[in-house]
Amino acid sequence: MSTNNNNNAVNESLNFLEEIIEADLASGKFDRILTRFPPEPNGYLHIGHAKSICLNFGLALKYGGKTNLRFDDTNPVTEETEYVDGIIDDVRWLGFEPAQILYASDYFGQLYEWAKVLIEKGKAYVDFSTPEEVAEQKGSPTTPGVANQYRDTTPEENLALFERMKNGEFPDGHCTLRAKIDLSSPNMHMRDPYLYRIKHAHHHRTGDKWCIYPMYDWAHGQSDSIEQITHSICTLEFIPHRELYDWCIRELGVFPSKQYEFARLSLSYTVTSKRKLKQLVEEGHVSSWDDPRMPTISAFRRRGYTPESIREFANRIGVAKRDNVIEMSLLEFCIREDLNKKALRRFAVLHPLKVVITNYPEGKTEWLETENNPEDPTTGTRELAFSRELYIEQDDFMENPPPKYFRLSPGGMVRLKSAFIIRCESVEKDDAGNVTAVHCTYVPESRSGQDISGLKVQGVIHWLSVAQAQKAEVRLYDRLFQVEDPAAEEDFKATINPDSLKVIENAWIEPALSKTEAGEKFQFTRLGYFCVDPDSTEERPVFNRTVTLKDTWQKEVKKSR
RNA sequence: UGGGUCAUGGUGUAAUGGUAACACAGAAGUUUUUGGUACUUUUAUUCAGGGUUCGAGUCCUUGUGACCCAACCA
């Protein structure tokens, strides 16, 4: 686990949450810590949730505590078990094991009892006003709210009414239970917030047992309290809820969990809003929640990101209270850094150009050794077939090269990686003038590892022997959006990148790549990191491009344009 | 003349009254049979004004700006 350990150097700086925890531990306020990750099961988890997961689990790990996974399932109409399963998978895939997997719905009984306690104290009442009336009565941030007739109902009557609500005697929306707090509070959340609403809906866990469901504010803090969560960490937009969170716990006299807030993650060139992500899926802009262009955890997994890279990313972005936008390049750095060490190198030619070695005997094949990963010699070597007809990348040949182009061009020489130096003698063209093949001669004494040719070439390119090459589908992904902050657009979908996915139906791969399993990761030498997609079959392997290699030449080309 | 949160290089995050640093990104270079990796060098930062102090990114004050809050969502 890449999470920090507490035996680090003394001067290692702490983030604001670590400071709070260390102070709480030092003062004896707590002798252990318990955090929780509380997703609502109404969608798949995205990279922003990954930040929260790494934070909550990471903090617990650092201070010898634990973390619960608790589903905030208080709204039966939007929540589904499909999402519950996906979320559990994602948390485990990231590398964290919850101390307990719990549900806010487990506490519906207790929450109901506590609501009655509040009513008995005269701190809650059943309100028959419409949502419009309530909004009206609440006033505005600049004008105080006004009380309605229901606010003065006696506890006895409220108790009876609340029981009738629970018993299903009223239709949806007929009335609500509201806390009786302060209608003139500058904090709108304290102006008699809703505690319960009526929904005759089937719940994914409690079935039809309940027709009244607690609101977030009545469920969350108490759930924390029941579990004895010490540090309840959430995002900034919940700051105004904290006063209410504390009020509920105080009125009930239960375990005083405390809420702390941090700034959620924003990633450039993407959206992290469940609503928007759901739209992308439902309207078919992407194929699924785990379409590799999505910023969901499951999509990153399918695309070829490792859990280690995402945890490293979470560590590097840090945590604070100010709004932030993280550049995609940091995430890409993290996955390249990880895969550079782990991924075996393989040759693949995505856009083939045929090369004929005119001085190489027809029918001859020799096997040349090449390294599996220069970063890790323990991964050994493999053999590559070499013969008269080869494929190279179209990009690696130019008839009229610009300055500093050191790949193949007429009359020029280049090294075929782990093989021989070749010289371009002539080109074949079709009627339209496109180069269809390149004729070269090779230098027999330039064989890699036994080069006595004395020749020096600048360029090294990858290649494949035509006879042994096998076909594969390769999916090239690019950013889904063309603008840095799609969410700020009038219509974020109008900024979708039309080239976010390019499918290469007929790419060539080396034989060593033909038997792979979904999820396996490779570096296609000089091209990038690729991951075997679950769509892969034995007859037709499918690879997803996780990320390209850093390409300073491409940058150079773009600059000169 | 509602309340709240936050302001440090392009982007993030540190510096806890004592030399503004680290990473990513950018630029230049060395090495290299991946124009990758590694390594070296380098550009660039405290929102503004006032105050306290020997000394302020940090404390006080006044502004300015951004974001959040008036769902029977979480």
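All chains are named by letter (A, B, ...) in the order of the sequence lines, taking the proteins before the strands, and each is independently numbered beginning at 1. This one's a predicted model, so the numbers in the text were calculated from it and none came from an experiment.
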Taking distance alone, no hydrogens or angles, what donor-acceptor pairs closer than 3.5 Å link side-chain atoms of residues 553-560 of chain A to residues at least two apart or in another chain?
| residue | atom | partner | partner atom | Å |
| --- | --- | --- | --- | --- |
| Glu556(A) | OE2 | Lys404(A) | NZ | 2.7 |
| Ser560(A) | OG | Glu556(A) | O | 3.4 |
| Ser560(A) | OG | Val557(A) | O | 3.0 |

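The residue Asn187(A) sits apart from the nucleic acid: no heavy atom pair falls under 4.0 Å. The residue Ile326(A) sits close only to the backbone: its heavy atoms come under 4.0 Å of sugar-phosphate atoms, none of a base. Heavy atoms of Ser129(A) sit under 4.0 angstrom from at least one base atom. Heavy atoms of His462(A) sit nowhere under 4.0 angstrom from any nucleic acid atom. As judged by a 4.0 angstrom heavy-atom cut-off over every strand, Arg191(A) is placed among residues making no nucleic acid contact. If you check every strand for non-hydrogen atoms under 4.0 Å, Ser418(A) touches a base.
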What does the list of N/O pairs under 3.5 Å between the protein and nucleotides 19-24 of chain B look like, with a distance for each?
| residue | atom | partner | partner atom | Å |
| --- | --- | --- | --- | --- |
| rA23(B) | O2' | Arg316(A) | NH1 | 2.5 |

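Cation-pi geometry between Arg545(A) and Phe524(A) is not met at under 6.0 angstrom from the ring centre and within 45 degrees of the axis.
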Can you run through RNA chain B from 5' to 3' and write each base as (, ), [, ], | or . depending on how it pairs? Watson-Crick or G-U wobble, both distances under 3.5 Å.
.((((((..((((....[..)))).(((((.......)))))....(((((..]....))))))))))).....

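Relative ring orientation between Phe492(A) and Phe481(A) is described as tilted, the plane-to-plane angle lying within the 30° to 60° band.
The side chain of Pro186(A) sits closest to rG3(B) out of rG3(B), rA74(B), rG4(B).
Among the candidates Lys180(A), Arg178(A), Arg151(A), Lys138(A), the single residue satisfying the side-chain hydrogen bond (donor to acceptor under 3.5 Å, both in side chains) test with Asp192(A) is Arg151(A).
Spacing of C1' atoms, rA38(B) relative to rC47(B), comes out at 40 Å, to the nearest Å.
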